[in-house]
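These values consider heavy atoms only, across backbone and side chains, with no hydrogens, waters or symmetry-generated copies. Below, chains carry the letters A, B, ... as their sequence lines are ordered, and counting in each starts from 1.
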2 protein chains.
Amino acid sequence: MSQEFRRTQVRQPRADGERNRARIIEAAKQRFAEQGAGAALEQIARDAGVGIGTLYRHFPTRDVLIEAVYRHEVDALVVAAGELSAKEPPIEALRAWLALFIEFLDTKQGIGAVLDTLIGGSEPLYSGTPAQLSPPIDLLVSRANEDGAARIEIAPLDLLRAIAGVATIRPGAAWKRQALALVDLMLRGAQATV
Amino acid sequence: MSQEFRRTQVRQPRADGERNRARIIEAAKQRFAEQGAGAALEQIARDAGVGIGTLYRHFPTRDVLIEAVYRHEVDALVVAAGELSAKEPPIEALRAWLALFIEFLDTKQGIGAVLDTLIGGSEPLYSGTPAQLSPPIDLLVSRANEDGAARIEIAPLDLLRAIAGVATIRPGAAWKRQALALVDLMLRGAQATV
DNA sequence: TCATCAAACGGAGGCATCCTCCGCATCTCT
DNA sequence: AGAGATGCGGAGGATGCCTCCGTTTGATGA
C-alpha cells in the first residue's frame with residue numbers, strides 16, 4: 001500500500017553516479033580545450049577513470065556532453081543579459097552583451113562543433129543551449145527595437161551565428177577584433193536612419 | 001639524346017584516370033548533397049565504382065575533394081564579381097554579389113564542413129578556395145570604401161563568414177531571408193554617417 | 001602491331017573511434 | 001541485513017580513415 005505513495009517519491013541519486021558524472025565533465029572540459037570538440041570520447045572516459053559505457057549512459061551524445069561542459073558559462077551569459085538590460089541603455093546593453101559573448105567564444109579553442117551545439121548548428125537535435133541563449137538575446141534586441149533606438153529585423157540568434165561565423169578561424173588570428181568590428185558594423189546598421 | 005627534349009614534354013593523361021576522377025566528383029556531389037560534407041569517402045568510392053585508393057590518389061584530403069566538387073560554382077562567383085563590379089555602383093555591386101553568395105550556399109545541403117573548406121575554417125591547410133574567393137570580395141569591398149559610399153573595416157572574407165554563420169542551420173528554415181536581412185543590416189552600417 | 005614502362009588501379013590491413021549490450025558490482029532504502 | 005534498483009565497465013561489432021604495394025592498363029615509339 002505504501003507503494004501507492006512511493007510512486008512519486010524520488011530515490012536519492014547514487015553518490016558514485018554523481019561523482020562519475022562530475023569527473024567526466026571535468027575531463028571533457030580539459031580535452032575539449034586541448035583538442036577541440038572532436039576529442040575522442042573514449043579518451044575522455046579514460047581520463048575520468050570510468051568505462052566508456054558509463055560515459056555514454058550519462059551523456060548519450062557528444063552534444064549533450066558539450067552542453068553540460070559549458071553549462072556554467074552559458075548560465076553566466078544569461079544572467080549578464082538580465083543585469084545589463086536593467087542597467088544600461090538598450091543599445092549599449094546589447095553591444096556589451098555581444099562583447100561578452102565574443103569573450104566567451106575566445107576561451108574556446110576547438111570551437112567548431114561547440115558552436116553548433118551552443119547556437120543550433122546543422123545537426124538534428126540541438127535543443128538545449130540555443131533555447132537557453134535565445135531569451136536573453138531576444139530580450140536585448142527587442143528592448144533596443146522598442147526603444148526606437150534600433151531596427152533589427154533578423155532573428156536575434158542570427159546575430160550570434162554571424163559572430164560565430166567570424167570566429168570560425170584559428171585562434172591567434174585577430175578574430176576577436178574582427179568580431180567586435182562586425183558587432184559595430186551591425187549596430188551601426190541597426191541605428192541607421194532610413 | 002631525344003630524352004633531353006622529351007623532358008619537358010607532357011604525356012597525355014590516361015583516359016581511365018580522367019574518367020575516374022570525373023566519376024568520383026559526380027558521386028561525391030551526390031553524397032554531399034544527401035548526407036553533408038561528412039559523407040564516407042569509402043562510400044563515395046564505391047558509388048563511383050573505384051577503389052578507395054584511387055579516390056585518395058586523386059583527392060588526398062576531403063577538402064580537396066570538396067573543393068573540386070564546388071569548383072565550377074565558385075568560378076562562377078568569381079566571374080560574377082568582375083562583371084558586377086564593372087556594371088553596378090559599388091554598394092549595389094557588393095549587395096548583389098553577396099546575394100549571389102547566399103544563393104550559392106542555398107544549393108548546399110549539408111553545409112557544415114563545406115563552409116570550412118570554402119571560407120577557410122579551422123583546419124590547417126585550406127589553401128584553395130578562400131584564396132580564390134578573396135580577390136573578388138576584396139575588390140568589391142575596397143571599391144565601395146574608396147568610393148566613399150561605405151566604411152567597412154572588417155576583413156572582407158569575414159563578411160562571408162558572418163553570412164555563412166547564419167547559414168549554419170538546417171535547410172527549410174527561413175535562413176535565406178535572414179541572411180539577406182543580415183546583409184542589409186551590415187550594409188546599412190557600412191553606409192551610416194558617423 | 002607490339003613491347004615497354006610510367007601511370008593508375010584497387011583493396012587488404014592497421015589503426016582509431018563510435019556506440020551497444022549485458023553480466024556484475026554497488027548503493028539506497030527499509 | 002537483505003532486496004532490488006541503479007550504475008559500472010569493457011568487450012565486441014561496425015564503420016571510417018588512410019597507407020602501402022603488387023597488379024593492371026594505356027600511351028608511346030619503333
Side-chain angles (χ1 to χ4, degrees), chain A residues 1-25 27-28 31-32 34-66 68 110 112-113 117 123-125, chain B residues 1-25 27-28 31-32 34-66 68 110 112-113 117 123-125:
Chain A
M1 282 301 132
S2 61
Q3 307 275 7
E4 295 282 332
F5 298 107
R6 233 174 269 143
R7 201 183 281 164
T8 52
Q9 243 190 24
V10 194
R11 211 183 228 258
Q12 184 168 118
R14 284 176 53 161
D16 55 346
E18 306 237 284
R19 199 185 328 124
N20 281 334
R21 188 189 160 82
R23 276 188 190 165
I24 292 169
I25 288 183
R31 285 284 169 187
F32 285 160
E34 284 167 17
Q35 309 170 12
L41 298 184
E42 312 220 303
Q43 181 60 56
I44 290 175
R46 253 168 297 168
D47 290 354
V50 304
I52 184 65
T54 299
L55 185 149
Y56 271 96
R57 193 164 349 83
H58 283 295
F59 309 100
T61 72
R62 180 180 295 271
D63 289 326
V64 171
L65 178 55
I66 293 176
T117 302
E123 291 311 305
L125 315 149
Chain B
M1 283 299 131
S2 61
Q3 308 274 6
E4 295 280 333
F5 297 108
R6 235 173 268 145
R7 200 182 283 164
T8 52
Q9 245 189 24
V10 194
R11 211 182 226 259
Q12 183 169 122
R14 283 176 51 159
D16 55 346
E18 306 237 284
R19 197 184 329 124
N20 281 334
R21 188 189 160 84
R23 275 187 191 167
I24 292 169
I25 289 184
R31 286 282 168 187
F32 286 160
E34 283 168 20
Q35 309 170 11
L41 299 184
E42 311 218 304
Q43 182 60 56
I44 291 175
R46 252 168 292 160
D47 289 354
V50 304
I52 184 64
T54 298
L55 185 150
Y56 272 94
R57 194 165 350 83
H58 283 295
F59 309 100
T61 73
R62 180 180 295 273
D63 289 327
V64 171
L65 177 55
I66 294 176
T117 303
E123 291 310 305
L125 317 147

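Take B/F59 and apply the side-chain contact (heavy atoms from CB on, under 4.5 Å) test, not counting sequence neighbours, and it matches B/R21, B/I24, B/I25, B/V64, B/L65, B/A68.
Of the candidates D/dC17, C/dT28, C/dT17, the closest approach to any side-chain atom of A/Q12 belongs to C/dT28. Which of C/dT26, D/dC18, C/dC18 sits closest to the side chain of A/A40 comes down to C/dC18. Side-chain proximity of B/R14 to D/dG26, C/dC19, D/dC17: nearest is D/dG26. Across C/dA8, D/dT28, D/dA5, the shortest atom-to-atom separation from the side chain of B/R11 is found for D/dT28. With C/dT26, C/dC18, C/dT28 as the candidates, the nucleotide lying closest to the side chain of A/A15 is C/dT28.
Interatomic distance, B/L41 CG to B/R62 CZ, rounded to the nearest 0.5 Å: 4.0 Å. Rounding to the nearest 0.5 Å places CD of A/Q35 at 7.0 Å from CD of A/Q43. To the nearest 0.5 angstrom, B/R31 atom CZ is 8.0 Å from B/I44 atom CD1. Interatomic distance, NE2 of B/H58 versus CD of B/E18, reported as 8.5 Å (0.5 Å rounding).
When the P atom of D/dG16 is taken as reference, atom CD of B/Q43 falls 7 Å away, rounded to whole Å. For the pair B/R23 CZ and C/dA8 P, the interatomic distance rounds to 16 Å; values are reported in whole Å. If you take CD of A/E42 and C1' of D/dG13, they are 13 Å apart, rounded to a whole angstrom. Atom-to-atom, CZ of B/R19 to P of C/dA7 comes out at 18 Å; the value is rounded to the nearest Å. For B/I44 and D/dT15, the CD1 to P distance is 17 Å, given to the nearest whole Å. Atom CG of A/D63 and atom C1' of C/dC19 are 15 Å apart (whole Å).
Mapping A/D16 and B/P13 onto DNA chain D by nearest heavy atom places A/D16 at the nucleotide closer to the 5' end.
In the region residues 46-59 of chain A, proximity to DNA chain D at under 4.0 angstrom, judged on heavy atoms, holds for A/V50, A/G51, A/I52, A/G53, A/T54, A/R57, A/H58.
Put simply, A/N20 has no side-chain N or O that comes within less than 4.0 Å of OP1 or OP2 on D/dG7.
Closest heavy-atom contact between B/A37 and B/I66: CB-CD1, 3.9 Å.
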TODO: Assess whether side-chain contact (heavy atoms from CB on, under 4.5 Å) is satisfied between A/Y56 and A/T61, documenting all intermediate values.
DONE: CA-CA 7 Å; A/Y56 271 96; A/T61 72; over 6 Å; no
